[in-house]
Visitor: 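Please see the structure below; I have some questions.
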Amino acid sequence: MKIDILTLFPNMFEGFLNESIIKRAIELGKVSVTLHNFRDFSLDAHSKVDDTPYGGGAGMVLMCQPIFDCLDSIKTPDSLVIMLTPEGEVFTQQKATSLALKKHLIFICGHYEGFDERIKSACDMFISIGDYVLTGGELPSMVISDAIIRLIPGVIDNESLETESFTNNLLDYPTYTKPRVFRDMEVPSVLLSGNHEEIRKWREAEQLKKTKELRSDLLED
Ligand code: ADE
């Protein structure tokens, strides 16, 4: 998979791309991530990328030209162009699963007051990571890329994906490691029994119990 990210703040991605599982996925060639500073595409003598809104009002608005020209330089027939915006559809595990099947994703990260409305005509999809407003689309693009990259076959082990939260609309079962007793808190005895069938049943029941308690809305879907 190829991911291109259009941003005015490429340095924000340094830790995300150079640590842990995402770093390894890139090294293994499972994904390539390219950052594009669309300021580099500005035709303005001062590399301007934003201007005041027509009709007046607060803040600055991102202009069409740098973003359209940047997109023209990277778009292919396989590309899916995604704008990060609080007005978009809210991101879910289901969306991560469907986006993980795509060949080429392009994320457009806004900053400041917003985008010139005409930029939307160049986008295929609009995604929000929740009902709150951030200073820009950089963190949302990292959140979404992270959720997608870990689903690419070979990035993390398959068993972890099969049992984790939101698979089958259930939260994950509780897990424990050594020691058996910590500050009077004991590991459930079934997990020490060695009986795999009993452990499987216990985990299934715990998943259901936890989902009912914490996220009963998932069971309604
Ligand atoms: N840009 C600013 N806030 C955002 C959000 N919640 N989701 C996606 N993009 C955003």
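Atoms considered below: every heavy atom in the structure, side chains included; atoms not considered: hydrogens, waters and symmetry mates. When a ligand or atom number is given, it counts from 1 through the structure's own listing order. Computed from a predicted structure; not experimentally measured. We count residues from 1, following the sequence as given.
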Visitor: For atom 7 (N) of ligand 1, what's the nearest protein heavy atom and its distance?
Guide: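 That would be Ile129 N, 3.0 Å.
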
Visitor: For the pair Arg200 and Glu197, find out whether any cationic side-chain nitrogen is under 4.0 Å from an anionic carboxylate oxygen.
Guide: yes

Visitor: Could you check Glu162 against Asn158 for side-chain hydrogen bond (donor to acceptor under 3.5 Å, both in side chains), going step by step and ending with a plain yes or no?
Guide: CA-CA 6 Å; Glu162 281 161 17; Asn158 250 355; 4.7 Å; no

Visitor: Looking only at distance, does Pro140 have an N or O less than 3.5 Å from an N or O of ligand 1?
Guide: no

Visitor: If the threshold is 4.0 Å, N to carboxylate O, is there a salt bridge linking Glu206 and Arg203?
Guide: no

Visitor: Are Lys210 and Glu213 within salt-bridge range, i.e. N to O under 4.0 Å?
Guide: no

Visitor: Among protein heavy atoms, which lies nearest atom 9 (N) of ligand 1, and at what distance?
Guide: Thr85 N, 3.2 Å

Visitor: If you have a sec, work out which protein heavy atom is nearest atom 10 (C) of ligand 1 and how many Å separate them, to one decimal?
Guide: Pro86 CD, 3.5 Å

Visitor: Where does Ile127 meet ligand 1, judged by heavy-atom distances below 4.0 Å: at the side chain, the backbone, both, or neither?
Guide: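 Contact part for Ile127 vs ligand 1: backbone (N, CA, C, O).
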
Visitor: Looking only at protein heavy atoms, identify the closest one to atom 3 (N) of ligand 1 and say how far it is in Å.
Guide: Leu134 N, 3.0 Å

Visitor: Just which atoms of ligand 1 are under 4.0 Å from any heavy atom in Gly136?
Guide: 1 (N), 2 (C)

Visitor: Distance under 4.0 Å to a non-hydrogen atom of Gly130: what atoms of ligand 1 satisfy this?
Guide: 6 (N)

Visitor: With backbone taken as N, CA, C and O and side chain as the heavy atoms from C-beta onward, which portion of Asp131 lies under 4.0 Å from ligand 1: side chain, backbone, both, or neither?
Guide: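 It is neither part, as no heavy atom is under 4.0 Å.
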
Visitor: What protein heavy atom sits nearest atom 6 (N) of ligand 1, and how far off is it?
Guide: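 Checked against all protein heavy atoms, atom 6 (N) of ligand 1 sits closest to Tyr132 O, 2.8 Å.
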
Visitor: For Lys201 and Glu204, what are the C-alpha separation, side-chain angles and deciding distance, and is it a side chain to side chain contact (heavy atoms under 4.5 Å, CB included)?
Guide: CA-CA 5 Å; Lys201 280 195 219 156; Glu204 215 173 81; 5.7 Å; no

Visitor: Does Met83 share a hydrophobic cluster with Phe41, counting links as ILVMFWY side-chain heavy atoms below 4.5 Å and allowing steps through other members?
Guide: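 No, separate clusters.
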
Visitor: If you take all heavy atoms of Ile5 and Ser145, which pair is closest and at what distance?
Guide: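 Ile5 and Ser145 have their closest heavy atoms at CD1-OG, 4.3 Å.
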
